[in-house]
Visitor: 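Before anything else, here's the structure in question.
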Amino acid sequence: MATGLTTTAGARAERLAQAAEQNDYDTFAMSDSTPSFATPYRTHTCGELRASDSGVPARLAGWVHRRRDHGQLIFLDLRDRYGITQVIVDATQAPLAHAAASRLRNEFVVSVSGTVALRLEGTGNARLATGAIELRASEVEILAEAKTPPFYINEPDAPIDEALRLRYRYLDIRREPMLRRLLLRSRLVQAIREIHHEHGFVEIETPNLIRSTPEGARDFIVPSRLKPGTVYALPQSPQQLKQLLMVGGLDRYFQIARCYRDEDLRGDRQPEFTQLDLEMSFVDEAAVIGFVEDVAIRVMAAVVPDRPLLQVPFPRLTFAEAIERFGSDKPDLRFGMELVDLAPALTDPSGDPGSGFRVFDEALAGGGRVGAIVAPGLATASRSQTDELAELARGYGAKGLVWLAVEADGSIRSSIAKFLGPERTASVVARTGATPGDLVLVIADRPEVTADILGRLRSELGSRLGLADPNVFAYCWITQFPMYKWDKQNRRWDATHNPFSGVRPEDVDLLTTTSGDLARTAPDDPAGRARALQYDLALNGWELGGGSIRINQHDLLARSFALQGQTAAGMAEKFGAVLDAFEYGAPPHGGIALGIDRWAALLSDQTNIREVMAFPKTQSGSDLMLDAPSEPEPGQYAELGLRYVGPTRT
RNA sequence: GGACCCGUGGUGUAGCGGCCCAACAUGCCAGCCUGUCACGCUGGAGAUCGCCGGUUCGAAUCCGGUCGGGUCCGCCA
């Protein structure tokens, strides 16, 4: 196959190195081509001129980054998105230009004509790419005056209230950190587009006004004027549409797709966000994973060529293994601190039943799990610090938190030492591998709850203790997700990912119930053990995205849907188009969707996707710049046949 | 839906019952300055401390509410 889908790890690594060499991106450069930026306002950009240009006449346009007025001599730092060039205006050489320069203030927009000249001996500025030269001004034209900005444009490190930055986002974007991140994001998307086109993918736009599709999240809805009383929904993802494109024979589709979900926001969640959405026909799981891994490696080479990848090819963990070892389906592999199952250490070697600590014994007797993580260096934690950790654990749903501190001299301080006795206390500590100075944190609960809480503690402590190398990128694949999770409220199975996700061939026979009737589900059904052809890609503890090989056979789909409590009528209601389409020859297909915002944020070392979005919304969903959302214009409700009745209680 | 944190000249902070008609830095304005690059020097203006209410002889400071922003839980691929 010439698509790179079957490349070996070695070839992939080689290509990575090669790509890294070829991509020598300057901070401000947008691509490796160098288009001309000359216009009537400028002959060059502010990042372009070098010593070799000295003597040539030039005209630059940009914003006044800073002005240094020495009386007869005025220095201007002229800025555009390509860089900064020093302009010098000499009253004795160009009196008119000097008069204009005297009027200038920060952020005025000017166009300056003059001659490129080497700077005087010893006055070069090594911090500027253009620092060897300056533009000796003959004419200074003010293109636009500017009010004093509400915050510093010219100090990249200045802390500024984010609300203020959002209100004046167009000014924030002038600042170097935002500019750099938006350029990085542009390169990210560019690299994605390039590799997809190289591999024969077709870029297709899908509509934003669609029918509500049950994806799990709340839809944004748009009332229809032409059909009063009905609504469109904004897509939570193009999921069904891309599957229909596969039925349409497109074979390889991708899109940089805007998606919408009306749920509460977080640092890594905005109401509208962007996905790399792709779907391929006639592929298996390995083919999709292999291609997407190539995309990711290519992206790294194009965007962050000198940042190390922890492991290539990316490690692949099964869901069960990820939960077992890290308590998370998106583990941060940059540090260890793996979960330890304490059960074997809790049995008294003398054959005495139980651990001596009732909480542990009850958990184990009920099929639960007693697990631990080791926090390096935290043995000196004070009582109030361990209390704080216990409070944290309770916030994650823990009933309590047991800790054992291994003191510098090897002795063990613990609230439950007296229950366990010295022998079992020692064996517990030995099992965790904790060494003097470490703090062992123990949770006892149902297995999945224990894993979840320890996973969250691991993640939080990893960040507090700075265990992860911030320079490294650690990708990993999580595979073999369970097909379903038990929905307690509705007493039925619920797709963990996507109702169309395929089942692993060896687990097809598990798609049954103990009752024998697919409509009468119970939590101990074999279906609960069925694993899906589903995969997630995680990066540094963040879920970048996930996908699956879809079910393309009607009877299997019907079976899977029945387990999810869907009646034939309900299916037709919700998925009519896809089900119809599948009657006309649906190829085997699968794909993935990756969060572009999260990806760009991680590659920019940001913990917040707002930092890589030009115009993001606040946590309460407002756009502080446009002041959205706003009340409709008079008549808009009437036109739609709507009336506002005020907030309703749900 | 819930928990917690923040809101003081343009900006970032200090002040946390009276010493505050509020301090510092920076920015802004004016003047001076021919080699600066966070230029420098001199002088000046600028805040009823998010808003409303309460406690108190007295509130930036304490309490309640509210608005705005953030972090997290729930929610959400």
Side-chain angles (χ1 to χ4, degrees), chain A residues 65-78 84-93 98 102 105-107 117 119-128 130-131 134 136 147-168 171 215-219 236-237 239 259-271 273 275 277 329-330 391-397 456 459-460 478 481 495-498 501 534-538 542-548 592-595 598 607-608 610 617-622 624 627 649-650:
Chain A
H65 189 63
R66 218 184 280 281
R67 185 179 70 121
R68 292 178 294 280
D69 186 343
H70 288 250
Q72 294 294 88
L73 209 55
I74 296 174
F75 294 95
L76 301 174
D77 289 341
L78 198 60
I84 289 174
T85 300
Q86 175 167 285
V87 173
I88 180 165
V89 192
D90 186 332
T92 63
Q93 302 293 311
H98 184 270
S102 300
R105 293 294 180 270
N106 284 352
E107 301 307 313
R119 294 201 188 180
L120 296 185
E121 188 74 30
T123 63
N125 186 344
R127 294 201 316 230
L128 291 181
T130 62
E134 61 200 1
R136 302 240 159 100
K147 294 206 291 192
T148 301
F151 50 80
Y152 308 103
I153 308 293
N154 52 18
E155 290 187 17
D157 301 326
I160 307 161
D161 181 64
E162 197 185 349
L164 197 66
R165 292 174 54 205
L166 291 177
R167 183 161 295 122
Y168 297 95
L171 295 180
E215 291 259 2
R218 194 178 291 116
D219 284 320
Q236 296 182 26
S237 82
Q239 182 59 40
C259 307
Y260 307 85
R261 288 176 193 159
D262 189 7
E263 294 293 346
D264 288 356
L265 308 181
R266 286 286 190 284
D268 61 351
R269 285 182 354 217
Q270 283 270 306
F273 60 99
Q275 285 186 342
D277 190 51
D329 60 358
K330 45 180 196 288
E391 196 48 48
L392 190 66
R394 263 188 291 276
Y396 297 148
R456 290 174 187 237
S459 171
E460 174 66 23
I478 310 296
F481 279 77
T496 49
H497 182 66
N498 170 327
S501 285
Q534 186 203 320
Y535 32 86
D536 273 12
L537 182 60
W542 283 34
E543 179 193 326
L544 263 194
S548 64
I592 198 168
L594 301 180
R598 289 182 183 181
T607 55
N608 193 314
R610 292 189 299 270
K617 289 171 183 60
T618 67
Q619 194 162 44
S620 54
S622 28
L624 296 180
D627 194 24
R649 201 170 282 280
T650 45

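Lettering of chains follows the sequences in order, A, B, ..., and the numbering in each one begins at 1. Values below: every heavy atom of this structure, side chains too, minus hydrogens, waters and symmetry copies.
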Visitor: Kindly indicate whether the side chain of D69(A) and the base of rC33(B) share any N or O donor-acceptor pair separated by less than 3.5 Å?
Guide: yes
Visitor: Donor-acceptor pair under 3.5 Å: do we get one between D264(A)'s side chain and the base of rC76(B)?
Guide: no
Visitor: If we take the P atom in both rG69(B) and rU26(B), what is their distance in whole Å?
Guide: 32 Å
Visitor: Counting only Watson-Crick or G-U wobble pairs whose two distances fall under 3.5 Å, which nucleotide matches rC76(B)?
Guide: none
Visitor: Mind calculating the distance between CZ (F273(A)) and C1' (rC76(B)) to the nearest angstrom?
Guide: 9 Å
Visitor: For rU36(B), does the base pair up with any side-chain atom of Q86(A) as donor and acceptor (N or O, under 3.5 Å, distance only)?
Guide: yes
Visitor: When you compare rC75(B) with rC67(B), how far apart are their C1' atoms, in angstrom units rounded to a whole number?
Guide: 24 Å
Visitor: If the C1' atom of rC57(B) is compared with that of rG44(B), how far apart are they to the nearest Å?
Guide: 38 Å
Visitor: Looking only at side-chain atoms of T618(A), point me to the closest of rG70(B), rG27(B), rG74(B).
Guide: rG70(B)
Visitor: Heavy atoms from C-beta onward define the side chain here; which of rG35(B), rU34(B), rU11(B) lies closest to that of Q72(A)?
Guide: rU34(B)
Visitor: Would you say the base of rG68(B) and the side-chain of R167(A) have a donor-acceptor pair closer than 3.5 Å?
Guide: no
Visitor: Rounding to an integer number of Å, can you tell me how far R66(A) CZ sits from rU26(B) C1'?
Guide: 11 Å
Visitor: Any donor-acceptor pair under 3.5 Å between the side chain of R394(A) and the base of rC73(B)?
Guide: no
Visitor: Map E263(A) and S620(A) onto RNA chain B by nearest heavy atom, then report which one ends up closer to the 5' terminus.
Guide: S620(A)
Visitor: Under 4.0 Å between a Lys/Arg side-chain N and an Asp/Glu carboxylate O for E107(A) and R105(A)?
Guide: no
Visitor: For K330(A), is the NZ atom crowded, meaning more than 12 foreign heavy atoms sit under 6.0 Å from it?
Guide: no
Visitor: Do you know the tightest heavy-atom contact between H65(A) and N106(A)?
Guide: O-OD1, 3.7 Å
Visitor: What is the nucleic acid contact for I88(A), judged by heavy atoms within less than 4.0 Å: base, sugar-phosphate only, or nothing?
Guide: base
Visitor: How close or far is atom C1' of rC75(B) from atom CG of D219(A), stated in whole angstroms?
Guide: 15 Å
Visitor: Does the structure show a Watson-Crick or G-U wobble partner for rC4(B), both distances under 3.5 Å? Name it, or say none.
Guide: rG70(B)
Visitor: Are the charged groups of E391(A) and R394(A) less than 4.0 angstrom apart, N to O?
Guide: yes
Visitor: Between F151(A) (CZ) and rU11(B) (P), how many Å, whole number?
Guide: 10 Å
Visitor: Any ion pair linking R266(A) and D264(A) (charged N to carboxylate O, less than 4.0 Å)?
Guide: no
Visitor: Just the rounded figure in Å: distance from P of rC73(B) to CD of E460(A).
Guide: 9 Å
Visitor: Check this for me: does the side-chain of N106(A) come within 3.5 Å of the base of rG27(B) through a donor and an acceptor?
Guide: no
Visitor: With rounding to whole Å, what would you report as the distance between rC51(B) and rU11(B) at their P atoms?
Guide: 14 Å
Visitor: With no hydrogens and no angle check, do the side chains of R610(A) and Q619(A) hold a donor and an acceptor under 3.5 Å apart?
Guide: no
Visitor: Nearest of rG27(B), rG70(B), rC37(B) to any side-chain atom of R68(A)?
Guide: rC37(B)
Visitor: Considering only heavy atoms from C-beta outward, does the side chain of L73(A) approach that of I88(A) to under 4.5 Å?
Guide: yes
Visitor: Counting side-chain heavy atoms from CB outward, which of rC75(B), rG12(B), rG35(B) is closest to T123(A)?
Guide: rG35(B)
Visitor: How is I84(A) classified with respect to the nucleic acid when contacts are heavy atoms under 4.0 Å: base, sugar-phosphate, or nothing?
Guide: nothing
Visitor: Would you name the heavy atoms of D219(A) and Q236(A) that are closest together and state the gap between them?
Guide: OD1-NE2, 2.6 Å
Visitor: Select one nucleotide: of rG35(B), rC76(B), rC37(B), the one nearest the side-chain heavy atoms of A217(A).
Guide: rC76(B)
Visitor: Counting only Watson-Crick pairs (N1-N3 plus N6-O4 or O6-N4) and G-U wobbles (N1-O2, O6-N3), all under 3.5 Å, who is the partner of rG31(B)?
Guide: rC41(B)
Visitor: Between rC16(B) and rC33(B), how many Å separate the two C1' atoms, rounded to a whole number?
Guide: 44 Å
Visitor: Identify the heavy atoms of T496(A) and Q534(A) that sit nearest to each other, and give their distance.
Guide: OG1-OE1, 3.4 Å
Visitor: Check whether the side chain of R119(A) and the base of rC37(B) form a donor-acceptor pair under 3.5 Å.
Guide: yes
Visitor: Using the P atoms only, state how far rG27(B) lies from rC49(B), rounded to an integer number of Å.
Guide: 27 Å
Visitor: Taking OP1 and OP2 of rU71(B), is either one under 4.0 Å from a side-chain nitrogen or oxygen of R610(A)?
Guide: yes
Visitor: Take atom P in rC6(B) and the same atom in rA14(B), then report the distance between them in whole Å.
Guide: 11 Å
Visitor: RNA chain B: R105(A) or R598(A), which has the more 5' nearest nucleotide?
Guide: R105(A)
Visitor: Take atom CZ of R67(A) and atom C1' of rG40(B), then tell me their distance rounded to the nearest Å.
Guide: 14 Å
Visitor: Roughly how many Å is it from CZ in R261(A) to P in rC76(B), rounded to a whole number?
Guide: 11 Å
Visitor: Please determine, for rC19(B), whether a Watson-Crick or G-U wobble partner exists with both distances under 3.5 Å, and give it or none.
Guide: none
Visitor: Of all the nucleotides listed (rC75(B), rG35(B), rG12(B)), which has the minimum atom distance to the side chain of E134(A)?
Guide: rG35(B)
Visitor: Has the side chain of E155(A) got a donor or acceptor that lies under 3.5 Å from a partner of the other kind on the base of rG12(B)?
Guide: no
Visitor: From NE2 of H98(A) over to C1' of rC32(B), roughly how many Å is that when rounded to an integer?
Guide: 13 Å
Visitor: How would you label the contact of Q534(A) with the nucleic acid (heavy atoms, under 4.0 Å): base, sugar-phosphate, or nothing?
Guide: base
Visitor: If you measure from the ring centre of H70(A) to the centre of the six-membered ring in the base of rC39(B), is it under 5.5 Å, with the planes under 30° apart?
Guide: yes
Visitor: Please state the C1' separation for the pair rA45(B) and rC37(B) - nearest whole angstrom.
Guide: 28 Å
